[in-house]
Amino acid sequence: MAVTTMPQTKSKSGFRRSLLEPFLDFVRRDRLALIGILIIVSFTLIAVFAPFLAPHDPRDMLRREDGTLARLDPPSLRHPFGTTNLGRDVFSQVLIGTRAALLVGFLAAFFVTLIGTNIGIIAGYYGGWVDSLLMRLVDILYAIPLIPFVIIMMALVEPSIWNVIWGISLLTWRTVARIIRSQVLSVSQRPYVKAARMAGCSDFRIMYYHIAPNILPLALLEMAFAVGWAITAEASVSFVGFGDPTVISWGQILHMVFLTGAIRTAWWWVIPPGLAIALLLIGVFFTARSLEEVVNPRLRRR
Amino acid sequence: MTTANGRFIEVKGLRKYFPVHRGFLDSLRSQSKYVKAIDDIDFFIQRGEILGLAGESGSGKTTTGEIMVRLQDPTAGGIFFDTINVADLQGRQLKEFRLRAQMIFQDPYETFSPRLTVFGSIVESLKVHRIGTSAEKLDRVKEALTRAELRPAENFLYRYPHELSGGQRQRVAIARAMVVDPQFIVADEPVSMLDVSIRAGVLNLLKRLRSDFGLTMLYVSHDLSTVTYLCDRQATMYLGKIVEVGPSKVMVKGAHHPYTKALFSAVPLPNPDAHRERTPIEGEITGNIDLPRGCRFNPRCPYAIDICFQEEPDLVESEPGHATACHVFPARTD
Amino acid sequence: MALLDVHDVEVTYRTKEGPLKAAEYVSFQLKKGDSLGLIGESGCGKSTMAKAILRLLPDNGQISGGEILFQGQDLAKLSPKEMRKLRWKELSLVTQSAMNSLNPVYTVGAQIVEAIRTHEAISRRRAWERAEDLFRLVNIEPSHLTNHPHELSGGMKQRAIIAMALCLNPSLVIADEPTTALDVIVQDRILQQIVRIQKEISSSLIYISHDISVIAETCDYVVVMYGGHVMETAPVREFFRHPSHPYSLGMQNAFPNLEDVDSELISIPGYPPDLLNLPPGCRFSPRCPFADSVCQQKQPDLHFIGTQHGTRCHFPDRAEAFRAQAKLPETWTERPAQGQRGVGA
């Protein structure tokens, strides 16, 4: 058996560094992580203050100075991103659309992680037929494509933003469950889990007091990626016209451009929402990637 | 209280078989195969005794230790603590048993949840069993740390495992086991991952705990030197069976079974002029799935005779306290 | 001329908390055909030295001082290309987990042949014949050359690795804890083979271990390392008859010995040093029962007290007294206080 070589280091504060500290440490060095976080923070602020930042109500059909409907006006000082074919201010629409993106992104990611982590812990800890059953369920879910599923849900139930969130959550947890289960399988073999059993802990206590805190970093990492998946899913569903018609989202804006055929001429209507989606996703994935290096130290460059 | 034979702990006919997973078609064609990790063993431990369980990988010694504390369940057999068969315990009784029997694990770096402080890890059993008020729990934890020679206890209470050295961690592990005042402890290779200069301290601690608190222990290890140092008696296991058991120090030069002799003669000595007389055995350890007929050591034994290929030898006492499972040794004069 | 002359070598790692000197003032020599045991516990620098000699230090490590003269060349100054030519051919390495580094997809024979043919322009057939000879040398049936690694047992894999390490007849083999992960009977066999092979092909050997018994039976010379420093160096019999450094004495006490089952094991109080927070004086002084004020302030030099027998201690001439006192448990139970503990007669 190896005698592990470990240079002795004493933690300065004497307490375990919280999950946040190594991450903050990392962000300071990793330029991309910093950019990622800045992007997310900016979008969050925009989402929160959107009604105050938007110069117009996004649904108002606005008129030009000469009284005509401001149809398909290219960008100007009054309309930084121009107007739609019904005279609506694209800039305001994009700002308000941030809310849908972040709402769906964070909420769906939260539910996905909640469901997936719990299923993963239960399957990984119990093993045997419980594990087989749950993993077969996951296999079945993997066979169902995400966007069509959400679309069908929207068609069968009612097309609301909440159903988009549920639709995404009910399927996407499959990925998190597999990853968490895999980690739990490994953790369950560790001596400290055996020691917890020796202490007389119930299965529930072992799963949630001993195992769960140690897979929390991984769960949070998966949640970060899930934000990206959820935003993409919502934009896709809205783009094909199956989103919530009462909620303004970037996908929906793109849907309208496409529908009216203005996609080839009104570039100011197309590029901002598309860019917004791309930029937010870049922010999410940069952040998630650097979080992954914190959670899995082997990925780190020396 | 003692078992029927006047001993504290008695194990009878213990078996642990693991089914080998095969494909669906294979399982239709022929009988299931098993890995016979433990295949019908008997032994006893007196109160206050340290019994060593030695063997190489695949011998079944770690599994035996874990079954003794019901970390795993036996396939068959009885494990008697005084008169109670702990192999049958379930539910609340099993939970109560956990106050009597504890375990110390091999890897000091994985033996604690990284998220719990030393206090958190040790107090866990007190919390689960609802022992004492908060103040009493704190006192017991401090007491346990002091007994494990981590002084002053206050310095260690709120540290996290990664702040401690390997040796300190094993002492905390000992404190964790001791905090419920157990009667029996299984120590599974507790020092094999520690630096040599630290091992002696932990081994001596275990010795002292035995004499101060009348603990009974099962010490599992592949390192015969530490087994001989610490244990009163030692048993050697091979492929799931006990092949020999006897007083520790007698076994060093006075072992009978060829495998035990081979093991002892294979241990290097800190003496450049040492000429060890090696017991010649061939080959490597075979798996425990397709065991040979007769004595399972016969593929490697240079002394095997006809009967060794037909009948498994029983564990028979040759001198008081010294039993061997071999058809050939010790040479019977009758 | 010595085959290997390690002279005043210093190895530094760049870490987040600052530079870490994993080895300092390390010197030893090895003649052709001799074997040297490098012994120490975790953090002592022995594996670092192995990697330094083979120039296999990780990215954040470097040889910051000294020379490693191998057949006259300073290995510390060679380019990666030049080192690659030497590795495997003149210098080879067997590590503890080496058996896990065998590629599971290819047969063992194919891997040995590839290793040979990468460095020597010989035909596949001749390389295969040499592989067969090597397997015979390590006591494996040559028919096993066509097996894949997972078909071989742990002991056989490790012996296959040893065969690979010898395939180009290197002048120096470095074995870093090669048997630690193996069962005792297998370990014994491999050790016997290492001793025999070494004599047969007269290559030199550096055997790194934490187990003093293994070194006693395999090596001609012993080098004891602690905290990155060489504490004692001696021919093996001299070392076991007259160990002179307090750390060596402490180690002897801490090792259970089957030849002497009744003696009490005594552990060395304290813990191995924190390489980022080293004491100013002798690295062993915080744990040494004989430490005096000078030990805590000034680092001792390596003093020679006999033929090829050196000890890094301020009181080399008191070795005899140390030996006597070290046998008593009381000597080791108190931590030495500042300047209070001297050496009794």
Side-chain angles (χ1 to χ4, degrees), chain B residues 54-59 149 164-168 191-205 207 222-230 248-253 259 262-276 278-287 300, chain C residues 39-44 152-156 179 182-189 191-192 210-220 222 226 235-241 247 250-272 274 287 329 332:
Chain B
E56 298 176 296
S57 38
S59 59
E149 294 167 1
L164 305 176
S165 71
Q168 287 170 317
V191 296
S192 63
M193 289 182 74
L194 301 179
D195 276 329
V196 177
S197 63
I198 309 287
R199 284 183 199 181
V202 176
L203 289 174
N204 286 335
L205 172 62
K207 260 195 176 175
H222 68 281
D223 182 350
L224 290 171
S225 311
T226 57
V227 172
T228 308
Y229 178 70
L230 186 63
S248 227
K249 302 197 172 140
V250 167
M251 298 274 272
V252 181
K253 288 272 151 58
Y259 180 64
L263 275 184
F264 273 103
S265 65
V267 177
L269 297 167
N271 177 357
D273 294 314
H275 286 294
R276 294 184 270 125
R278 291 173 173 89
T279 304
I281 61 173
E282 276 116 50
E284 313 234 350
I285 206 158
T286 52
R300 302 172 74 189
Chain C
I39 180 154
E41 301 173 293
S42 35
C44 71
L152 302 175
S153 69
M156 287 171 87
T179 58
L182 301 169
D183 283 328
V184 64
I185 293 182
V186 175
Q187 169 176 287
D188 186 39
R189 281 212 205 116
L191 285 178
Q192 282 181 286
H210 64 279
D211 187 343
I212 197 82
S213 313
V214 161
I215 295 209
E217 297 196 355
T218 350
C219 300
D220 303 314
V222 178
Y226 183 84
V236 70
R237 280 181 182 77
E238 171 68 7
F239 178 75
F240 281 93
R241 273 183 218 138
Y247 176 59
M251 286 281 274
Q252 279 200 329
N253 283 339
F255 258 95
N257 184 354
L258 283 182
E259 274 184 331
D260 185 9
V261 288
D262 290 312
S263 66
E264 172 104 4
L265 284 185
I266 311 169
S267 69
I268 308 178
Y271 306 101
D274 178 357
R287 302 170 78 186
W332 298 93

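So you know, we letter chains A, B, ... as the sequences are listed, proteins then strands, and number each from 1.
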Exercise. Name the option with the most non-hydrogen atom pairs under 4.5 Å to chain C; the candidates are B:Leu263, B:Thr226, B:Asp273.
Key: B:Asp273
Self-check item: Part of C:Ser263 within contact of chain B (heavy atom distance under 4.5 Å)
Solution: backbone
Practice problem: To the nearest 0.5 angstrom, please state how far the CG atom of B:Asp195 sits from the SG atom of C:Cys44. | Solution: 8.5 Å
Quiz item: Taking B:Tyr229 for the side chain and C:Leu265 for the main chain, is one N or O donor matched with an acceptor at less than 3.5 Å?
Solution: yes
Quiz prompt | Heavy-atom pair with the smallest gap, counting every atom of B:Val196 and C:Ala254 | solution = O-CB, 3.8 Å
Quiz prompt | Under 4.5 Å from any heavy atom of chain C - which part of B:Val252 | solution = side chain
Quiz item: For B:Ile281, is it the side chain, the backbone, both, or neither that has a heavy atom closer than 4.5 Å to a heavy atom of chain C?
Solution: both
Exercise. Could you pull out the closest heavy-atom pair between B:Leu269 and C:Glu217, with the gap in Å?
Key: N-OE2, 3.0 Å
Self-check item: Side-chain (C:Glu41) to main-chain (B:Ser197) donor-acceptor, under 3.5 angstrom
Solution: yes
Self-check item: Smallest separation among heavy atoms of B:Ala266 and C:Ile185, with atom names
Solution: CB-CA, 4.0 Å
Quiz item: B:Ser248 versus chain C, heavy atoms under 4.5 Å apart: side chain, backbone, both or neither?
Solution: neither
Quiz item: Distance from C:Ile266 atom CD1 to B:Asn204 atom CG, nearest 0.5 Å?
Solution: 9.0 Å
Practice problem: Flag the pair B:Arg276 / C:Asp188 as yes when at least one side-chain heavy-atom distance between them is below 4.5 Å, and no otherwise. | Solution: yes
Practice problem: Sort C:Glu264 into side chain, backbone, both or neither according to what part of it lies under 4.5 angstrom from a heavy atom of chain B. | Solution: both
Exercise. Find the distance between CG (B:Leu194) and OG (C:Ser267) and round it off to the nearest 0.5 Å.
Key: 11.0 Å
Practice problem: Identify which one of C:Asp260, C:Ile212, C:Leu258, C:Asp211 satisfies the side chain to side chain contact (heavy atoms under 4.5 Å, CB included) criterion when paired with B:Pro270. | Solution: C:Ile212
Practice problem: With a 4.5 angstrom heavy-atom cut-off, could you sort out which part of B:Thr228 is near chain C: side chain, backbone, both or neither? | Solution: side chain
Quiz item: Top residue by heavy-atom pair count (under 4.5 Å) with chain B, among C:Ala216, C:Ser153, C:Gly250, C:Cys219?
Solution: C:Ala216
Practice problem: Check each atom of B:Asn271 against the heavy atoms of chain C and say whether the ones under 4.5 Å are side chain, backbone, both or neither. | Solution: both
Exercise. Check for a donor-acceptor pair, side chain of C:Asp183 on one end and backbone N or O of B:Glu56 on the other, with a separation under 3.5 Å.
Key: no
Self-check item: Contact leader toward chain B among C:Gln187, C:Arg241, C:Arg189, where contacts are heavy-atom pairs under 4.5 Å
Solution: C:Arg189
Quiz item: How long is the span from the CZ atom in B:Arg199 to the CZ atom in C:Phe255, to the nearest 0.5 Å?
Solution: 7.0 Å
